[in-house]
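Treat the numbers as computed from the prediction; the structure is a model and nothing was measured. Just so you know, ligand 1 is whichever comes first in the structure, and atom 1 is the first atom listed for that ligand.
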Amino acid sequence: MKSIVEQMKAGVVVGDGGYLIELERRGYVDSGSRREKVGTGRGSGQFTPEVAIEHPDALRELHREFLNAGANVLQALTFFGTREKLNRAGYGAQTETINAAAVKLAREVANGKALVAGSVSRTQLTEREGMESLGKSRDHIAEQIRLLKDAGVDFLILETFFHLAEMKIALECAAASGLPAVATMSFRPLITQCTDGHSPAECARAMADAGAVAVGANCEQEPQRMLPLLREMAGAVKIPIAAQPAAFRTSDQCHSFTRRPAFPDNLETIQVSRQEFLDFGKLARNEGIAYAGGCCGCNAAYIRSLADGVSEVRS
Ligand SMILES: [Zn+2]
């Protein structure tokens, strides 16, 4: 099977959708909202991936749906799978088991028909303890990347980082592992700068300089809202752009769905239609987007529409 870098050169790679929100809707993932106010920006406690060991059939089924919908890549559900985040959810001792099980499940379903990516996200330490905790973040991210490499992922997707400083650390850990890394920041509450104050163009350049094979954005915005920020990134670098938008409507005042009152328990009220992902798929190639997938709110119907949009242009 061709590597992620070769596939992005050949055309638009179709990614998969969002796992945690979809599995929360199906009753297998805990949003944490019954115990604490989620979405405060202070590093909430839940949306962790223990479903990989507690309800493997549910995760296997969602992987199957994304593959069947046309995804060229399956992301192992290792999002929020650092020991730091799992510790707070009560699963720290199972960090190795959860990461290994998630990769094994994705690999089984992919079965040579899709690449398997390890998902690595922020630790939430910077939100909780400030920038002086970056040394601890490095240890946790390096540990998770080692586990993903041992489990045999094809490449890494570093995603949903709010601070460029933490993303740069993750890219250093990825480089040390030798695995190719797609790097996407998440911008909130506005798309004009990340949490530690860098513009999308600055983020794109810094991530490219740190060795990412593609740079871009994921989560927080619907495709239409995310597009200007992706264009700014595309204008700043020569490497492929990756985009995995959310399927939730944002507003002119607040560009991130996790800061809207509907998060996390009333997201159905701000759901965008799959048509927006069909349109997004159609324009991906012209916008220089070589990796197009979905994030929170995207189930298989959205990925099917996205894949249809990509192939409409291709044919
Ligand atoms: Zn998301």
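- In this model, no donor atom of one side chain and acceptor atom of the other lie less than 3.5 Å apart for Q221 and S256.
- Counting all heavy atoms, side chain and backbone alike, V213 lies closest to M8 at O-CE, 3.9 Å.
- Residues satisfying the ring-ring contact (aromatic ring centres under 6.0 Å, His included) criterion with F79, sequence neighbours excluded, are absent altogether.
- For T184, the side-chain hydrogen bond (donor to acceptor under 3.5 Å, both in side chains) criterion is met by N218, not counting sequence neighbours.
- Legend: residues meeting ring-ring contact (aromatic ring centres under 6.0 Å, His included) with F257, ordered by chain and number and at least two apart, are F248, F263.
- Listed by chain and number, C219 SG, C295 SG, C296 SG are the protein N/O/S atoms closer than 2.8 Å to the Zn ion (ligand 1), with waters left out.
- Within 6.0 Å of CZ on R260 lie more than 12 heavy atoms contributed by other residues, nucleotides or ligands.
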